[in-house]
Amino acid sequence: MDKHEGPDPGTIRLDDPWYDALAVGWGEGEDAAAPPPAADRSAPGSPPGKAAGTPPTRADIYLEVQRSAAFQEVRSRYRGFVVPATAGFLLWYVAYVVAATAAPGVMARPVAGAVNVALLAGLGQFLSTFLLTWAYARHARRRRDRAALELRWTVFEQERGRGSGTGNGNGAGAGVGAGEAGR
């Protein structure tokens, strides 16, 4: 944040590149008429309605990345951990609640002094939360972060090529999954 140079130097101006940027579809007039659809002059392999030689739009770039094998691999690795971990944790939590309500005699059984089964199971809930958080962070770091970073870099390169006018119509910069090709 910097102080604004101008008639009121006491005001603060945000130096955030996203501050003034509009989200896709925001800020356009609701009554603005859409241009009539043009004849399909698209190049082979490019989205329909896109003229040959025009750089891809952000939507084209993100759709290309979403359809890529690298993105699908990251998503399957994510689901492969999150779905079983969530199901296991919910089962463990429901078992604790059911045991606490359906078997109070078992839960009240003393283990050591004033410590009973219910207290140990309750503390086990906290411990399992921390263990699950650690396991998730470890899984993300070892199995997904590098691939996700490569996808992010691919999108950045393609958007940079689109924005500077150096795009070649097929998503300038590194292609989707290019980081994987060199391995």
Side-chain angles (χ1 to χ4, degrees), residues 1 14-28 30 45 47-48 56-163 171 173-183:
M1 295 185 354
L14 293 176
D15 285 335
D16 183 0
W18 299 104
Y19 183 72
D20 292 327
L22 293 174
V24 176
W26 290 20
E28 286 88 26
E30 303 261 338
T57 64
R58 279 193 179 136
D60 296 337
I61 293 169
Y62 283 101
L63 284 173
E64 179 184 348
V65 169
Q66 184 180 10
R67 291 179 185 129
S68 71
F71 181 82
Q72 297 305 321
E73 179 67 22
V74 170
R75 293 297 295 168
S76 70
R77 288 178 184 178
Y78 171 78
R79 285 187 205 108
F81 179 85
V82 170
V83 170
T86 302
F89 185 78
L90 285 175
L91 255 160
W92 160 231
Y93 176 74
V94 169
Y96 171 72
V97 171
V98 168
T101 57
V106 173
M107 297 297 271
R109 185 171 297 149
V111 175
V115 178
N116 60 15
V117 174
L119 182 62
L120 289 179
L123 292 174
Q125 290 286 316
F126 284 102
L127 179 63
S128 65
T129 301
F130 290 116
L131 286 174
L132 188 59
T133 303
W134 170 80
Y136 176 81
R138 182 175 185 264
H139 180 268
R141 186 179 61 248
R142 297 180 85 207
R143 305 273 332 259
R144 294 189 325 262
D145 284 353
R146 181 178 303 272
L149 188 60
E150 288 175 1
L151 285 169
R152 181 187 286 171
W153 186 252
T154 297
V155 170
F156 173 75
E157 287 291 317
Q158 289 180 359
E159 284 186 339
R160 187 172 67 168
R162 181 185 71 86
V176 174
E180 301 290 329
R183 292 187 180 177

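This structure is a prediction, so every number in the text was calculated from the model and none was measured.
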* Structure fact -> When every non-hydrogen atom of N116 is compared with those of V111, the smallest separation belongs to C-CG2, 3.8 Å

* Structure fact -> Between the CG atom in L123 and the OG atom in S128, the distance rounded to the nearest 0.5 Å is 10.5 Å

* Could you tell me whether the side chain of E159 reaches within less than 4.5 Å of the side chain of Y62, counting heavy atoms only? => yes

* Rounded distance (nearest 0.5 Å) linking atom CD1 of I61 with atom CD of E157 -> 11.0 Å

* Minimum heavy-atom distance between V74 and A148, given as atom pair plus value -> CG2-N, 4.1 Å

* To do: Just do the side chain to side chain contact (heavy atoms under 4.5 Å, CB included) check on F71 and E64 with the steps written out, would you?
  => CA-CA 10 Å; F71 181 82; E64 179 184 348; over 6 Å; no

* Asked: Distance from Q66 atom CD to Q72 atom CD, nearest 0.5 Å?
  -> 7.0 Å

* In terms of side-chain geometry, is the basic nitrogen of E73 or R77 positioned less than 4.0 Å from the acidic oxygen of its partner? -> yes

* To do: Measure the spacing between CG of L120 and CD of Q125 and express it to the nearest 0.5 Å.
  => 12.5 Å

* To do: List the steps, then state whether side chain to side chain contact (heavy atoms under 4.5 Å, CB included) holds for Y96 with M107.
  => CA-CA 9 Å; Y96 171 72; M107 297 297 271; 3.9 Å; yes

* Between CZ on residue R160 and CH2 on residue W153, distance to nearest 0.5 Å -> 6.0 Å

* **Interatomic distance, F156 atom CZ to L149 atom CG [nearest 0.5 angstrom]** => 12.0 Å

* To do: Could you walk me through whether L151 and S68 pass the side chain to side chain contact (heavy atoms under 4.5 Å, CB included) test, one step at a time?
  => CA-CA 9 Å; L151 285 169; S68 71; 4.1 Å; yes

* To do: For the pair F81 and H139, name the ring-plane relationship: parallel under 30°, tilted 30 to 60°, perpendicular over 60°.
  => parallel

* Please check if atom OH in Y78 has more than 12 non-hydrogen atoms from other residues, nucleotides or ligands closer than 6.0 Å. => no

